[in-house]
Every structure is written in structure tokens, then in C-alpha cells.
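The structure appears below as C-alpha cells.
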Protein chains: 2
Amino acid sequence: MNVAGPAYDEEAVDLGEITGSLGFLLRMAQLKAFDFFFRTLDGENLRPGEFTVLWVINLNPGLRQGTFARRLKIKPAHMTKLVARMVDQGLVHREIPQDDRRSVRLSLTEGGSAFVARYREKFLHLHLAERSDLTVEESATLIHLLKRYAGIDGDGPCL
Amino acid sequence: MNVAGPAYDEEAVDLGEITGSLGFLLRMAQLKAFDFFFRTLDGENLRPGEFTVLWVINLNPGLRQGTFARRLKIKPAHMTKLVARMVDQGLVHREIPQDDRRSVRLSLTEGGSAFVARYREKFLHLHLAERSDLTVEESATLIHLLKRYAGIDGDGPCL
DNA sequence: TATTGTTATACTCTATAACTATA
DNA sequence: TATAGTTATAGAGTATAACAATA
């Protein structure tokens with residue numbers, strides 16, 4: 001059972017068929033991606049989830065809070081806290097429209113736009129770093145298949 | 001009430017270049033995979049992370065707690081709580097070896113083995129369900145690329 | 001009555017540091 | 001001193017339900 005493995009002092013751990021589990025692999029891959037993220041943006045006051053929200057508001061100013069939340073699969077209660085924090089940081093502007101005063105429409109402040117602009121390059125550059133061990137073609141395939149699986153853009157009914 | 005169609009009343013949200021971000025896609029994919037998981041195992045007292053730990057202990061009985069934790073990228077403090085819970089549930093057995101009494105060696109109890117055996121099929125069957133929208137070939141490619149990216153099994157130094 | 005968002009609570013996972021008991 | 005694991009604390013993310021204001 002004991003083949004000459006890579007780590008002599010570390011006991012070898014057989015993962016068995018669980019390596020065929022998409023859920024397991026997604027978790028391990030996400031840990032690696034986050035590792036890249038935080039290593040690259042070390043010291044910056046920036047978290048992946050928050051930047052994504054700012055990014056999408058920047059591209060779609062004036063849409064309702066719930067619309068953003070559903071699209072990014074963020075729960076309403078969590079979205080409230082996220083938005084409140086960003087408002088406190090002076091990045092996001094909330095507006096209650098007269099035609100439906102239950103709703104909240106979101107847009108970025110000048111500071112918010114500047115924030116997105118400032119980190120845009122780092123964020124996009126990160127995509128290359130994330131792919132490190134794969135070839136350019138393999139990366140493109142991985143991105144494509146993940147989009148398909150997650151139902152983003154592509155063909156399906158992408159609510 | 002709103003019947004047919006991909007929601008005409010829902011405002012369209014442009015995600016822009018962030019759909020090329022591996023981190024973003026991994027998060028969206030993981031949400032979908034977890035959704036499958038909990039829908040398939042609805043009502044069962046089973047969480048993906050916990051089952052994975054039991055699974056790996058079952059395949060490698062007697063290894064040290066820290067070895068399992070490092071391999072599954074679980075932090076020591078969290079691992080302690082996970083193991084304590086499983087011991088309380090009568091699934092896991094802890095043993096302090098005489099040659100190094102700082103360490104803890106883990107194995108499954110009879111109940112633990114039975115637990116893994118009982119859910120094994122559901123867990124493996126889930127892998128097929130997870131892939132739903134992709135062809136068999138695409139699924140295999142996705143699994144392969146994720147393994148490569150995450151550094152699991154394959155070629156690299158898989159600590 | 002239904003919907004939009006908020007508040008409150010709780011639990012999981014993560015991060016960190018201080019601690020123990022061994023080595 | 002260093003290591004294996006524990007304890008304690010804090011924060012983010014998620015889930016849920018009850019709630020207010022509005023439709």
C-alpha cells in the first residue's frame with residue numbers, strides 16, 4: 001500500500017471516489033481561488049463579495065436592491081447589511097422611488113465609482129493569476145463550463 | 001399572477017466582465033451544487049463537509065487529526081469542533097497513541113462506518129445529478145479541470 | 001393579501017491568538 | 001523551543017421568521 005510518495009513526513013491520505021464529487025472539487029477550487037485573491041490584494045480593504053456587488057451596481061445603476069440580490073444569489077437579510085455597510089463607507093447611494101416607495105434603488109456615489117475604477121485592473125488581472133497552472137485554452141474551457149453549469153449568461157433562462 | 005416566461009417584470013442585470021472571474025463563477029457554481037445537495041438529501045441529517053470528513057476517515061483509519069485537517073484544508077480549531085460533534089454522535093473514535101501523546105488518531109466507530117455505507121449511494125448518485133445541464137463528456141472535462149486547478153490527485157505535488 | 005425591505009436570532013465556517021500537554 | 005491539539009473570541013455568510021410600510 002505504501003508507494004514512495006511526495007511527502008515522506010506527511011501521512012498519505014486517500015480521498016477515494018469523493019474526488020469525483022463536483023461539490024467537493026468546487027470547494028477545494030474556491031479555497032485556492034480565494035487564496036490567490038487575498039494574496040494578490042494583500043492589505044487592501046476589499047472582499048470578493050463586496051466588490052462584486054459594487055461592480056454590478058456600477059454597471060446597472062438605479063435597479064432595485066432585491067433585483068441585485070436575486071441575481072447575485074444574496075439573501076435579502078444579508079443584502080441589507082451589505083448595502084448598509086457600503087452606504088456607511090460612502091460608496092453606495094440609496095433612493096426611494098415615488099412610484100413604489102417600498103423599494104430601494106441603488107447607485108454608486110462618486111467615491112463608489114472611483115473605488116471600482118481603482119480596483120478594476122487588479123480584479124481583472126487577478127483572473128490571469130487565478131488560472132496559473134492551466135493553459136490559456138484550458139482556462140477558457142473551465143470558465144465556459146462553469147458558466148454553463150451555473151447558468152450564467154450562455155443560453156439558459158438566466159434569471 | 002405571473003405564469004410563463006423568464007420574468008418580464010424582472011429588471012435585466014448586466015454582469016459584465018466579472019463573468020470571466022474564476023472566483024465569481026466558482027461561487028455561483030458552488031451555490032448551485034449545494035442547492036442540489038440539500039434538495040437531494042432533504043431531511044437527512046447530513047452536511048457536505050461533515051460527510052467528507054467521515055468519508056476520508058473511513059478510507060484512512062488511524063491517521064492523525066491534523067493530517068486529515070491539512071488535506072481537507074480545514075483549520076485546526078474548526079477540526080476540533082467537527083470531530084467533537086462526530087464523537088458526540090458516536091460516529092468517530094479518538095485514540096491517543098503512546099508514541100506521541102500530543103496527537104490524536106481518528107477512526108470510525110461501527111456506527112460511523114454504517115453511516116458512510118448508508119449514505120454512500122446517495123452521495124455518489126448525487127454526482128450525476130449535480131452535472132444536470134452538462135453532457136457526460138463535458139462533466140468529465142469540468143471535473144478534470146477542477147482537479148487540475150485545485151491540485152488534487154493528478155500530477156502535481158498533492159500534499 | 002402580497003410584496004419590498006428590515007430586524008432579530010442562530011448556526012456554520014473562518015481567522016486569530018492564547019493556552020495545555022507533550023516532545 | 002517547537003509541535004498537536006484545544007479553547008475562546010470575533011467576524012462573515014447564510015437561513016429563518018417576524019415585522020413595518022406600502023402596494
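The chains referred to below are lettered A, B, ... by the order of the sequence lines, with proteins before strands, and numbering in each begins at 1. We use all heavy atoms of the structure for the numbers below, so side chains are in, but hydrogens, waters and symmetry mates are not.
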What is the distance, rounded to the nearest whole Å, between atom [atom1] of [X] and atom [atom2] of [N]?
X        : N      : atom1 : atom2 : answer
B/Arg27  : D/dG13 : CZ    : P     : 9 Å
A/Asp100 : D/dA21 : CG    : C1'   : 11 Å
A/Leu82  : D/dA15 : CG    : P     : 14 Å
A/Ile74  : D/dT14 : CD1   : C1'   : 11 Å
B/Gln30  : C/dT14 : CD    : C1'   : 14 Å
A/Glu95  : C/dG5  : CD    : P     : 14 Å
A/His78  : C/dA8  : NE2   : C1'   : 15 Å
B/Met79  : D/dA8  : CE    : P     : 20 Å

Considering only [options], which nucleotide approaches the side chain of [X] most closely?
X        : options              : value
A/Thr80  : C/dA8, C/dG5, D/dA2  : C/dG5
B/Arg94  : C/dT9, D/dG5, C/dT12 : D/dG5
A/Arg102 : D/dA21, C/dT6, C/dA8 : D/dA21
B/Arg85  : C/dA8, C/dC13, D/dT6 : C/dC13

With a 4.5 Å limit on heavy-atom distance, are the side chains of B/Ile143 and A/Leu22 in contact?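 A side-chain contact exists here, since the closest heavy-atom pair is under 4.5 Å.
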Measure across A/Gly90 and A/Thr109 and return the closest heavy-atom pair with its distance rounded to 0.1 Å.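 So the minimum-distance heavy-atom pair works out to O-OG1, 2.6 Å.
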Interatomic distance, A/Phe24 atom CZ to B/Trp55 atom CH2 [nearest 0.5 angstrom]: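 Atom-to-atom, A/Phe24:CZ and B/Trp55:CH2 are 11.0 Å apart.
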Any [X] side-chain N or O less than 4.0 Å from OP1/OP2 of [N]:
X        : N      : answer
A/Ser103 : C/dT4  : no
A/Arg47  : D/dA12 : yes
A/Arg101 : D/dT22 : yes
A/Lys75  : D/dT14 : no
A/Arg64  : C/dT4  : yes

Could you point out which residue of A/Met79, A/Arg64, A/Gln65 forms a side-chain contact (heavy atoms from CB on, under 4.5 Å) with A/Val104?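 In the set A/Met79, A/Arg64, A/Gln65, the residue that makes a side-chain contact (heavy atoms from CB on, under 4.5 Å) with A/Val104 is A/Gln65.
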Given B/Leu15 and A/Leu72, is the side chain to side chain contact (heavy atoms under 4.5 Å, CB included) satisfied, shown in steps? CA-CA 9 Å; B/Leu15 297 178; A/Leu72 297 177; 4.2 Å; yes
5′-ward residue of the pair B/Val104/B/Leu31 relative to DNA chain D: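 Result: B/Val104.
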Counting any heavy atom closer than 4.0 Å, what does B/Ala84 reach on the DNA or RNA strands: base, sugar-phosphate only, or nothing?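 It contacts nothing in the nucleic acid.
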